[in-house]
Amino acid sequence: MRLIFLGPPGAGKGTQAKRVAGELGVPHISTGDMLRANVVAGTDLGRKAVAHMDAGDLVPDDLVIAMLTDRIAAEDAAAGFILDGFPRNLAQARVLQTSPAGLIDKVVLFVVNEDEIVRRIGGRRGCPHGHTYHMEDHPPVHPGVCDVDGEALEQRLDDSEAVVRNRLAVFGRETEPLISFYDQLGLIVEIKGSGPVEHITRQILQAVRA
Ligand code: AP5
């Protein structure tokens, strides 16, 4: 099954994509995680992307499209995938549509109000291996330390309030037009992204299997 998870920053795309990917046996492909890994590794791509990411702006299309195209051509993605954070604008969506793996089954649209987004992102902490917590809703057992690998938890640089406001504006300007793009293709399933995580996972599974 080939799915796109679409929604504003902090809507829970990553949280749900990990769970749903596990259930469906397909890889979770997050362009944000891939870019952050490149930044940490100090690759050429990471060096070109980092300033855009820290400002909450989109990384240039040519860089992201090349990275994503390689990833979805990998063997583990042959039977399907969940795209989290891609496409982010109409240019990216059109390239995906014409690529060999571009036949998408469903686009899961996460609906969450803006106050909740700012609250969620403000409380988000993560470890370098991608395990994510929320200081109030889903705190680690030992404060500041990842339950899974014992690494120190950190706040993402782009999770400061000013940058989050810009990320929301970028979402409205660049990414929201994708809702009508995919709606016209009959692919959108809308999911209420607030409430217990397990309940949202069940709703997504029900919707994509329908
Ligand atoms: P990216 O990493 O994709 O960030 P994002 O889309 O802004 O999404 P987030 O990771 O902030 O949120 P999420 O929806 O995954 O929420 P999460 O599950 O973590 O992109 C980062 C940057 O990379 C971009 O700004 C851009 O620069 C660049 N980039 C990436 N892709 C690109 C592309 N295609 N083109 C160009 N540039 C690109 O949840 C958030 C918090 O809420 C967590 O603390 C979580 O624990 C909590 N939470 C989750 N679900 C619930 C719930 N049901 N109830 C309460 N709390 C919850």
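These numbers come from the heavy atoms of this one structure, side chains and all, not from hydrogens, waters or symmetry mates. Numbering of ligands and ligand atoms starts at 1, following listing order.
- No side-chain donor-acceptor contact under 3.5 Å links Asp147 and His131.
- Side-chain contact between Leu178 and Leu90 is present, with heavy atoms from C-beta onward closer than 4.5 Å.
- Arg165 and Glu114 are joined by a salt bridge, as a carboxylate oxygen and a charged side-chain nitrogen come within less than 4.0 angstrom of each other.
- A search for side chain to side chain contact (heavy atoms under 4.5 Å, CB included) contacts involving Arg119 returns Glu116, His134, Glu136, Asp137, not counting sequence neighbours.
- Salt-bridge check for Arg167 with Asp159: passed, with a basic side-chain N closer than 4.0 Å to an acidic carboxylate O.
- A distance limit of 4.0 angstrom between heavy atoms and ligand 1 selects the residues Pro8, Pro9, Gly10, Ala11, Gly12, Lys13, Gly14, Thr15, Thr31, Gly32, Leu35, Arg36, Met53, Asp57, Leu58, Val59, Val64, Gly85, Phe86, Arg88, Gln92, Arg120, Arg124, Thr132, Tyr133, His134, Asp137, Arg156, Asp158, Arg167, Gly193, Gly195, Val197, Ile200.
- The two residues His138 and Thr132 have their closest heavy-atom pair at CD2-O, 3.5 Å.
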